[in-house]
Amino acid sequence: MNWMNRLSLKLRLLSIVLFSIAICSLIAIAGFLYFNKQEFYRGIIEKSRAIHLRLDAAAHYVATQDGLDPVIDRMKSKYKNPEDMTKEDKEIVLKQVPIVAAMKIGSMDSDKDNYEFRIFSDEPRNKDNAASREELEIFLKFKADTSLKDFVVNDGKAITVYRPVRLDKNKGCLKCHGEPGTSPWSNGKDILGYKMENWEDGRLHGVFAIKTDFKKLANNTSARSFIPPEGILVIGIIFGGIIALILATLLIRKPIAGLSMITHELNSSATQVNKTSGQIASSAEELSQATTQQAASLQETSASIEEISSMVSNNTQNAEQAASISEQSLSSSQRGKEVVDHMIKAIGDINTSNSGIAAQINDTNKEIENIVKIINEIGEKTKVINDIVFQTKLLSFNASVEAARAGEQGKGFAVVAEEVGNLASMSGSAAQEISKMLDSSTKSVEDIVKRSKDSIGKLILEGKEKVDSGTRIAHECEEVFNEILTNISNVSRMVNEISSASKEQTQGVREITKAIAQLDQVTHQNTANASQSANAAGNLSSEAEQLNSLVQSLVQTIDGDKSS
Ligand code: HEC
């Protein structure tokens, strides 16, 4: 439909009006023709029904004349059997049969009223009246439905209106079609010599058909008016269409001109919008990228802060640990100092006990000297004993000499004196031995005393020296401990300071982390917003492009496409 695009809106609107008029006219003509046709059909059907009613009325009229019985009587007296009846007499009889009258009238008026009349039956007397297959179907329809008054068939070429014909006792039908026993000739045959069918009152015997052929009807109807109603309709429509077209042209001229101006202005603004939205889209894109970068660097910062945080908390932990360790060290070194004090005291004690020992040894030496003195005294006494022994020996000798002089009387005395001498010499040798032993004991005691004195003196001297150096070292130790103590308390103080500083640092880092998290959130929001606005800008851009093309096509629609 390229040519359509080239048309301007004005032309298009006008052509739409024209087209609508054409379509409306077509519909109107079609409707007119359709309803006209329906009317035509209805007319034919009405006319056929009227003819049927006329036939009914004729049959009724003949039946009410009661002319059949006298005619039958007349024929019975004139003839012996029906075969002898003249054609004229048969005619006379038939004239009195209502149905025959109806049949006659039906065929009589058919040419004048442009229809074909026919009667048919399933069991006809006249084989011309035998129903064809289609007719038999209609016959059976009436037979099945006794309330059916008539039946219309329209095959597009002709309309046939069927009406049932039932036997009616009151109309004398059974006089010929009824019981054979009532035969006027008493041979089962009716007055005209046809075999009576023994049918009952009300039985469907035949169907009247009134057929109207459209072509014949058209040929036979008298000449129509010069212009048919369809023609008048068409002329009216064309005339109306032209007026509508002129009116439409007058009416749309002004609005179309305004529309055209608006579209042109719209076109220039749409181009501007398109350009601007493109710029917005690109800056939104840049913003989105920048925000994404910002978010990434923030993420990095956050990670470093986290590292710092963990380091700081490590520091805090270490400082706390160091504080507790230095406290422990303080108490250990205090205990060390106490131990050193104890040691110094113990060394003092050792010193005093050493002096005690030395004094004790001096005492012991004096006592040993006393013992030596006593031994020497014992030696002196032993000499006394030796003198006593000598004098005793001398005495015993004197005694033995005296005894010998006494003779027999002194014999016993001589023995005693000898014994005493023996004892005295034994005591003398024992005393000598003791004296010898005393000498050697005195010597060895003196030796021992001298030696022990020497070695103990040396030992005590050594001990004193050692104790002195121990005391000195212990004092040095104490000094060192004192130094350690002051150092440790210094360290402890510093560690405590570090610990509290670390805690403050942790708090600070926590606040920084929180701030960064907030910043991160904001940046994320910004990123989302930026990408949203980038999207929106993109959408806007494409919308603007679409708008542009829409406006372009609007311009083309209103002005017509000049390019194609
Ligand atoms: C006098 C005897 C007689 C009487 C009364 C009579 N008919 Fe008939 N009928 C005939 C004869 C004869 C024919 C055959 C006519 C022909 O040859 O076309 C006939 C034919 C018909 C036919 C056409 C079908 C066919 O058999 O060929 C119908 C329908 C019919 N009669 C119905 C009636 C009805 C309804 C009545 C009563 C209103 C009636 N008749 C009364 C003698 C009679």
Side-chain angles (χ1 to χ4, degrees), residues 51-79 81-108 110 116-132 135-136 138-143 146 148-151 160-211:
I51 293 166
H52 273 300
L53 287 178
R54 202 158 71 198
L55 301 187
D56 271 4
H60 188 73
Y61 176 75
V62 173
T64 51
Q65 292 304 301
D66 282 335
L68 189 58
D69 282 335
V71 168
I72 287 172
D73 289 345
R74 205 155 34 122
M75 292 304 152
K76 253 169 55 178
S77 56
K78 195 173 175 183
Y79 297 101
N81 60 68
E83 283 81 33
D84 302 334
M85 277 174 76
T86 60
K87 216 180 168 196
E88 287 74 28
D89 279 339
K90 278 189 182 177
E91 265 317 300
I92 289 167
V93 174
L94 283 172
K95 264 184 190 161
Q96 297 306 320
V97 177
I99 196 75
V100 173
M103 281 153 70
K104 274 245 173 62
I105 291 168
S107 19
M108 212 165 62
S110 67
E116 287 166 41
F117 177 79
R118 178 170 157 71
I119 179 160
F120 55 84
S121 173
D122 59 337
E123 291 176 53
R125 284 188 170 186
N126 184 343
K127 64 179 187 321
D128 289 348
N129 297 335
S132 68
E135 285 171 342
L136 196 63
I138 287 157
F139 186 90
L140 290 176
K141 221 171 249 169
F142 282 121
K143 201 167 188 180
T146 49
L148 193 63
K149 282 264 160 48
D150 61 18
F151 186 73
T160 314
V161 179
Y162 300 93
R163 204 172 156 85
V165 179
R166 298 180 192 278
L167 295 181
D168 190 344
K169 194 177 161 189
N170 296 331
K171 287 180 185 166
C173 305
L174 300 187
K175 282 175 185 145
C176 293
H177 297 291
E179 219 181 303
T182 60
S183 161
W185 309 110
S186 309
N187 60 356
K189 291 189 176 170
D190 72 2
I191 192 71
L192 294 168
Y194 287 90
K195 206 173 153 258
M196 290 175 77
E197 288 96 336
N198 194 21
W199 283 333
E200 292 156 16
D201 182 29
R203 187 213 186 244
L204 177 73
H205 177 33
V207 173
F208 279 166
I210 292 179
K211 182 179 177 184

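Because the structure is a prediction, the values reported are computed rather than measured. Counting starts at 1 for both ligands and their atoms, in listed order. Just so you know, these numbers use all the heavy atoms, side chains as well, and skip hydrogens, waters and symmetry mates.
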*asked:* Could you tell me if the side chain of K104 sits less than 4.5 Å from the side chain of V62, heavy atoms only?
replied: no
_atom 34 (C) of ligand 1: the protein heavy-atom neighbour that sits closest, reported with distance to 0.1 Å_ = C173 SG, 3.3 Å
*Would you say D201's side chain and K169's backbone share a donor-acceptor pair under 3.5 angstrom?*
yes
*asked:* Using a 3.5 Å cut-off on N or O atoms only, is H205 in polar contact with ligand 1?
replied: yes
*Among the heavy atoms of L167, does any lie under 4.0 Å from an atom of ligand 1?*
yes
_Check K143 with E123, please: is the shortest side-chain N to carboxylate O separation under 4.0 Å?_
no
*Output the list of atoms in ligand 1 that are nearer than 4.0 Å to some heavy atom of L68, sorted by atom number.*
5 (C)
*Shortest non-hydrogen separation from M75 to V93 and the atoms involved*: CG-CG2, 3.7 Å
*Is the shortest distance from a heavy atom of R166 to ligand 1 less than 4.0 Å?*
yes
*Considering the heavy atoms of G172, write down every atom of ligand 1 situated less than 4.0 Å from one of them.*
5 (C)
*So which protein heavy atom does atom 2 (C) of ligand 1 come closest to, and at what separation?*
C176 SG, 1.7 Å
_Using every non-hydrogen atom in the two residues, find where W185 and L192 come nearest and quote the distance to one decimal._
NE1-N, 4.5 Å
*Is ligand 1 under 4.0 Å from a heavy atom in the side chain of I191, in the backbone, in both, or in neither?*
side chain
*Answer with side chain, backbone, both or neither: which part of N126 has a heavy atom less than 4.0 angstrom from an atom of ligand 1?*
both
*Look up atom 15 (C) of ligand 1 and tell me if a protein heavy atom lies less than 4.0 Å from it?*
no
*Based purely on interatomic distance, does S121 place a nitrogen or oxygen under 3.5 Å from a nitrogen or oxygen of ligand 1?*
no
*Donor-acceptor pair, side chain of T160 and main chain of K211, under 3.5 angstrom*: no
_Numbering as shown, the atoms of ligand 1 that approach N129 to under 4.0 Å (heavy-atom distance)_ = 23 (C), 24 (C), 25 (C), 27 (O)
*Do any N or O atoms from the side chain of S110 and from the backbone of G106 form a donor-acceptor pair under 3.5 angstrom?*
no
*With a 4.0 Å heavy-atom cut-off (strictly under), which part of V100 contacts ligand 1: side chain, backbone, both or neither?*
neither
*Under 4.0 Å from a heavy atom of Y194: give me the atoms of ligand 1 that qualify, with their elements.*
12 (C), 17 (O)
*Give a yes or no on whether a salt bridge exists between D56 and K171, defined as a side-chain N under 4.0 angstrom from a carboxylate O.*
no
_Would you say atom 8 (Fe) of ligand 1 has H177 as a near neighbour, meaning an N/O/S atom of that residue under 2.8 Å away?_
yes
*Which residue owns the protein heavy atom closest to atom 6 (C) of ligand 1, what's the atom, and how far is it?*
V97 CG1, 3.3 Å
*Between D69 and K175, is the closest basic N to carboxylate O distance under 4.0 Å?*
yes
*Heavy-atom distances under 4.0 Å are what count here, so tell me which part of D128 touches ligand 1: side chain, backbone, both or neither.*
neither
_N-O pairing of R203 and E197 below 4.0 Å_ = no
_For atom 33 (C) of ligand 1, closest protein heavy-atom neighbour_ = I99 CG2, 3.3 Å
*In ligand 1, which numbered atoms sit nearer than 4.0 Å to a non-hydrogen atom of L192?*
12 (C)
_Under a 4.0 angstrom heavy-atom cut-off, which atoms of ligand 1 come close to I119?_
29 (C)
*Taking C-beta and beyond as the side chain, do Y162 and D150 meet within less than 4.5 Å on heavy atoms?*
no
*Find out whether K149 and H52 are in side-chain contact, i.e. whether some heavy atom of one side chain is under 4.5 Å from a heavy atom of the other.*
no
*Between the main-chain N or O of W199 and the side-chain N or O of H205, is there a donor-acceptor pair closer than 3.5 Å?*
no
*Consider every N or O of K171 and every N or O of ligand 1, then say whether any pair is closer than 3.5 Å.*
no
*Distance to 0.1 Å, residue and atom name: give those for the protein heavy atom nearest to atom 26 (O) of ligand 1.*
R125 N, 2.5 Å
